[in-house]
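One structure is given here, and the rest of the page talks about it.
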Amino acid sequence: MNYRKNIMITGGAGFIGSHVVRLFVNKYPDYRIVNIDKLTYAGNLANLKDVENMPNYVFVKADICDFDRMLEVMKEYDVDGIIHLAAESHVDRSIKDPFTFARTNVMGTLSLLQAAKIYWESTPGGYNGKLFYHISTDEVYGALELTAPEGIQSPFTTTASSAEHHLAFGTEFFLEETKYNPHSPYSASKASSDHFVRAYHDTYGMPTLVTNCSNNYGPYQFPEKLIPLFINNIRHRKPLPVYGKGENVRDWLFVEDHARAIDLIFHKGRVADTYNIGGFNEWKNIDLIRVIIRTVDRLLGNPEGHSDSLITYVTDRAGHDLRYAIDSRKLQRELGWEPSLQFEEGIEKTVKWYLDNQEWMDYITSGEYEKYYDDMYSGR
Ligand code: NAD
Ligand code: DAU
């Protein structure tokens, strides 16, 4: 079959990548979706069981740092679009092992860019109709202060279209123009990869796009990240390790809303531009943790307050960014995107999914997981 587009999605077996692959494979039967994933501890083909036999889906197990292999795959599948999600993504791991983050996030991105450059420049149309779309994070912007005006209650949520701005935790937001100021090895590696992507546009004329998104939550997230980790620990009656005082603030977006934004931007975004993607949904960690506890207890039929005593304050994350808050109004204004789910609905769906998919969780947390957990949390 002659496909209308051949899109390489890197990191498609990971959390966000699997939602992007699922959306594209189902929505665009006339596109061929080539999922490139090394299947690190974070990549799991069980995340894609429902699409693995679709005729327009191909999986290739490969390392994005392997330049020759990337060039080969691009040629073999006539790749004309790349949506690049493959990365090392967990801040705590980056603090313990920064080299792996530089290798994958910086050198891996560079290897993909150079392979795309060589391949696309060799095709008859050159860069015409091609796009290298890089998925990045709000963490590259650094951290914001907590400057909430008196009298505003937290949590406070609103939609991007609301005339009233979100002032629960502060008046400042990350804009597309905000200067990069990364603090962790993870965010420094993502910032570096963003710069390389933009450099390939400015130097070689490659059509590129970068988006910077806030914290995602939803099904299929590896249980090293706050929400699935805490749901799983509550189920096993294990302590809930709250870093520092639990006062840090994150802006949470349902993962399917991120995937929808990626679809929209891939098709309609302005080349060489940047879009911020966020939920307008800031939560102080400890407030979010209480919502998770309440929801898990209710869905498991336990009385309210049953799991409160699992909360355990532990040593803070080194260099822990205080607050992230994305202003995604440019994306709303120019392309009409908005988060579709209210947080209450999203968190209910998410907790329910993890409780209903215990087999998935048990599979993910077998093997190396216990060792990771002990290394990361013992002595904290
Ligand atoms: P994840 O850790 O769940 O998945 C990463 C995937 O990349 C895994 O499938 C892994 O096997 C694969 N991978 C890692 N190294 C590879 C390599 N060298 N070659 C090929 N594949 C490799 O990550 P995620 O949370 O889904 O994040 C995806 C992307 O989105 C990342 O670039 C991340 O920086 C960005 N992002 C994440 C969030 C979030 O809240 N999770 C928010 C904003 C941006
Ligand atoms: O903002 C986008 C980023 O969000 C992405 O780029 C990253 O890939 C993604 O991992 C996420 O980073 P965070 O560090 O914000 O997510 P994490 O789930 O690790 O932590 C969320 C908050 O909860 C953070 O303030 C640290 C805190 N925390 C986390 C863990 C794992 C705890 O208090 N205890 C924990 O055990």
Side-chain angles (χ1 to χ4, degrees), residues 9-21 35-45 47-48 60-66 69-70 83-95 100-101 103-105 107-109 111-112 134-141 143 174 184 186-187 189-190 193-194 211-218 220-230 233 239-253 255 258-259 262 277-278 283-286 288-289 311-317 320-326 373 376-377 380:
I9 298 182
T10 70
F15 166 48
I16 303 171
S18 63
H19 288 274
V20 177
V21 167
N35 173 13
I36 304 286
D37 202 295
K38 185 183 171 186
L39 300 182
T40 67
Y41 77 94
N44 183 0
L45 290 178
N47 297 356
L48 288 166
V60 178
K61 183 174 187 300
D63 186 339
I64 55 165
C65 299
D66 184 346
R69 185 76 183 112
M70 290 304 105
I83 306 179
H84 174 36
L85 296 108
E88 290 292 337
S89 68
H90 191 39
V91 174
D92 293 326
R93 286 186 191 252
S94 82
I95 295 167
T100 303
F101 282 70
R103 180 185 178 274
T104 296
N105 300 356
M107 293 307 290
T109 301
S111 142
L112 274 176
H134 178 60
I135 307 301
S136 192
T137 170
D138 60 358
E139 301 200 11
V140 297
Y141 296 125
F174 295 136
S184 72
Y186 164 67
S187 53
S189 68
K190 290 297 290 186
S193 64
D194 295 8
T211 55
N212 299 81
C213 189
S214 65
N215 286 61
N216 285 216
Y217 72 98
Y220 299 113
Q221 187 167 31
F222 193 83
E224 62 188 352
K225 308 281 166 63
L226 181 75
I227 293 181
L229 176 76
F230 276 39
N233 281 13
L240 305 176
V242 180
Y243 296 167
K245 295 186 179 143
E247 305 248 292
N248 302 66
V249 171
R250 296 290 181 269
D251 170 4
W252 295 93
L253 177 68
V255 62
H258 188 190
I262 290 172
I277 311 172
W283 286 78
K284 201 183 269 190
N285 287 345
I286 192 64
L288 173 70
I289 288 161
I311 290 179
T312 309
Y313 291 92
V314 300
T315 308
D316 208 353
R317 174 183 278 173
H320 198 172
D321 286 335
L322 187 55
R323 169 178 173 243
Y324 302 145
I326 276 278
Y373 199 85
M376 199 58 83
Y377 291 100
R380 235 191 150 119

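Start at 1 and go down the list; that is how both ligands and their atoms are numbered. For the single chain, residues carry numbers from 1 onward in sequence order. Being a predicted model, the structure only gives us computed values, none of them experimental.
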side-chain contact (heavy atoms from CB on, under 4.5 Å) against K38, all qualifying residues, sequence neighbours excluded: T40, D63, R103
If the condition is side-chain contact (heavy atoms from CB on, under 4.5 Å), which residues does T211 pass it with, not counting sequence neighbours? Y133, I135, I265, Y275, I277
Please determine whether the number of non-hydrogen atoms from other residues, nucleotides or ligands lying under 6.0 Å from atom CE of M376 exceeds 12. yes
Taking the six-membered ring of F174, is NZ or CZ of R323 closer than 6.0 Å to its centre and within 45° of its axis? no
Y41 side chain to R93 side chain, donor-acceptor N/O pair below 3.5 angstrom: yes
For the residue pair T109 and H134, confirm or rule out a side-chain donor-acceptor distance under 3.5 Å. no
Residues around ligand 2, heavy atom under 4.0 Å from any ligand atom, sorted by chain and number. Can you pull those? S89, H90, V91, T137, D138, E139, Y186, C213, S214, N215, E224, K225, L226, L229, F230, P241, V242, Y243, N248, R250, N285, R317, H320, Y324, Y377
Close residues (non-hydrogen atom under 4.0 angstrom from ligand 1) work out to G11, A13, G14, F15, I16, D37, K38, L39, T40, A42, G43, A62, D63, I64, L85, A86, A87, S89, T104, I135, S136, T137, Y186, K190, C213, S214, N215, N216
Heavy-atom closest pair (G278 atom, D251 atom, distance to 0.1 Å) is CA-OD2, 4.0 Å
D37 side-chain N/O to A13 backbone N/O, donor-acceptor pair under 3.5 Å: yes
N216: which of K225, Q221, H258, H19 passes side-chain hydrogen bond (donor to acceptor under 3.5 Å, both in side chains): H258
